[in-house]
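Here the structure is a predicted model, which means the values were calculated and not measured.
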Amino acid sequence: MYTIRGYEKVKSLEEAYEANQKKSSSIIGGGMWLRLGSKNIGSAIDLTDLGLDQIEETEDAFIIGCMTSLRDIECHPGMNRYFHGMMKETMKGIVGTQFRNTATIGGSIYQRFGFSDPLTAFLALDTTVEMYAGGMIPLDDFVSMAYDRDILVRIHVKKDGRKAAYQSFRNTKTDFPVVTVGVSKSEAGWKVSVGARPGRAEVFQAVHPLSDEPEEEEIKQFAKEISEAAVFGSNMRASAEYRKLLTEVLVGRAVEDICLQLKGDTQEGLKR
C-alpha cells in the first residue's frame, strides 16, 4: 500500500507540472496501480479538474486524455469500429469492470508496465504521446525512455487506414497476462509488438517481411521469426520458453484475424 501526506487538486497543467517536480510528489491518476508498491507520497496531484477524461475523434486521429478510464476506451464505438474491436479485446481481460472504470490510460502508458495490455496494443498502432514539457513523442521511442517528472497529457492514435488485432494469454481470467501481442497492417507494412515478456512491450521484426496476402505457411514462418526475435524471461507465471511458444501462436492468430478483415473489405468492395 502507499501513504499520502498531502493532496493537491490542480487547476492547470502548468500548476501540475510545477508541483510534480518535487521527488516526493506523484500524479495519482486513477490510483489503481499505486497500490502495487509501498510508496510514501508527499503530495498527491489530482488532475480531475483539467478535462482530460475525454476521447476526441477527428478526421485524422483519436485523441485520448490521460485521465480517460480503460473502460471508456474499451466501450468507445469509434475506436472499436475503426480498429475492428481491438480496443475491447485489449481491455476486457484487465482485472474487472469496476477496476477498468477507475484505472486511467495515462497511468498505464506512462508507467510502461511490463504487464500492460494497452501499451502492447497502442504500440502496434501509429501512436504518439503528448507530454507537457517534452511535446509530441512517438510511442515507439517513448517506451524505451527513462522516467522523468514530465506529465503525459494525451495519447494521439493516427487514423491511417490500418487493420489491427490483439491477442493475449492468461493462466486465469483477470490475472496479469503471460504474454501479449499486437499486430497491425498498413500501407507501410506489418507491425508487431510483444509485451508481458515479462518485460515492457517492444516492436519486433521478422527476418522475412510478410506479404500483403500471405498464405498459411508464410504466416507460420513469420510468427516463428517474431517469436525468435523477441527476448523473453521467466517468472512465477511462465518460463521464457513457454512465452516464446505462446507468442508464435498468438502472432499467427492476430495475422489471420487481420487477413480476414482485409478479405471482408475486398468482398464489400466487390458488392459495391
> Under 4.5 Å between side-chain heavy atoms, hopping through other hydrophobics if needed: is there a path connecting Tyr110 to Ile63?
Replying inline: no
> Sub-3.5 Å donor-acceptor pair from the side chain of Gln167 to the main-chain atoms of Thr180, do we have one?
Replying inline: no
> Does the pair Ser193 and Glu202 meet the rule for a side chain to side chain donor-acceptor pair (under 3.5 Å), with working shown?
Replying inline: CA-CA 5 Å; Ser193 59; Glu202 290 185 33; over 6 Å; no
>> Given the ring of Phe176, does Arg237 sit roughly above its face, with NZ or CZ under 6.0 Å from the centre of the six-membered ring and within 45° of the axis?
In response: no
> What orientation do His76 and Phe62 show, parallel under 30°, tilted 30 to 60°, or perpendicular over 60°?
Replying inline: perpendicular
>> Do Ile55 and Phe122 sit in one hydrophobic cluster, given that two such residues count as connected whenever their side-chain heavy atoms are within less than 4.5 Å of each other, even indirectly?
In response: yes
> Taking only residues two or more places apart in sequence or in another chain, which ones pass side chain to side chain donor-acceptor pair (under 3.5 Å) with Arg170?
Replying inline: Asp117, Ser168
> Are Glu74 and Lys92 within salt-bridge range, i.e. N to O under 4.0 Å?
Replying inline: no
>> Quick check against the 3.5 Å criterion: does Ser227 have a side-chain atom that pairs as donor or acceptor with the backbone of Lys224?
In response: yes
> Can you list the residues that meet the side chain to side chain donor-acceptor pair (under 3.5 Å) rule with Asn80, with sequence neighbours excluded?
Replying inline: none
> Donor-acceptor pair, Arg243 side chain versus Ala196 backbone, under 3.5 Å?
Replying inline: yes
>> When you measure from the side chain of Lys191 to the backbone of Leu125, do you find a donor-acceptor pair of N or O atoms at a distance under 3.5 Å?
In response: yes
> When you measure from the side chain of Arg149 to the backbone N and O of Lys22, does any donor-acceptor pair fall under 3.5 Å?
Replying inline: yes
>> Looking at Glu248 and Lys244, is there a salt bridge between them, counting it only when a charged N and a carboxylate O are closer than 4.0 Å?
In response: no
>> According to a hydrophobic-cluster definition based on side-chain heavy atoms being under 4.5 Å apart (Ile, Leu, Val, Met, Phe, Trp, Tyr only), do Ile105 and Met67 belong together?
In response: no
>> Checking the side chain of Arg71 only, and the main-chain atoms of Thr97 only, is there a donor and an acceptor separated by less than 3.5 Å?
In response: no
> Can you name the closest pair of heavy atoms from Ala16 and Ile45 and give their distance?
Replying inline: O-CD1, 4.0 Å
> Are the side chain of Arg162 and the backbone of Ala124 linked by a donor-acceptor contact shorter than 3.5 Å?
Replying inline: yes
>> Main chain of His84, side chain of Gln261: is a donor-acceptor contact present, judged purely on distance under 3.5 Å?
In response: no
> Out of curiosity, does Met131 fall in the hydrophobic cluster containing Leu52 (side-chain heavy atoms, cut-off under 4.5 Å, transitive links)?
Replying inline: no
> Is the shortest heavy-atom distance from the side chain of Leu210 to the side chain of Val255 under 4.5 Å?
Replying inline: yes
>> Among residues at least two apart in sequence or on other chains, which ones pass side chain to side chain donor-acceptor pair (under 3.5 Å) with Tyr242?
In response: none
> Are Val129 and Tyr147 connected in the hydrophobic side-chain network, where two residues link if heavy atoms are under 4.5 Å apart?
Replying inline: yes
>> Can a donor-acceptor pair be found, under 3.5 Å and without considering hydrogens, that links the side chain of Arg197 to the backbone of Val231?
In response: yes
>> Could you check whether any side-chain N or O of Thr90 sits under 3.5 Å from a backbone N or O of Met86, counting only pairs where one atom can act as donor and the other as acceptor?
In response: yes
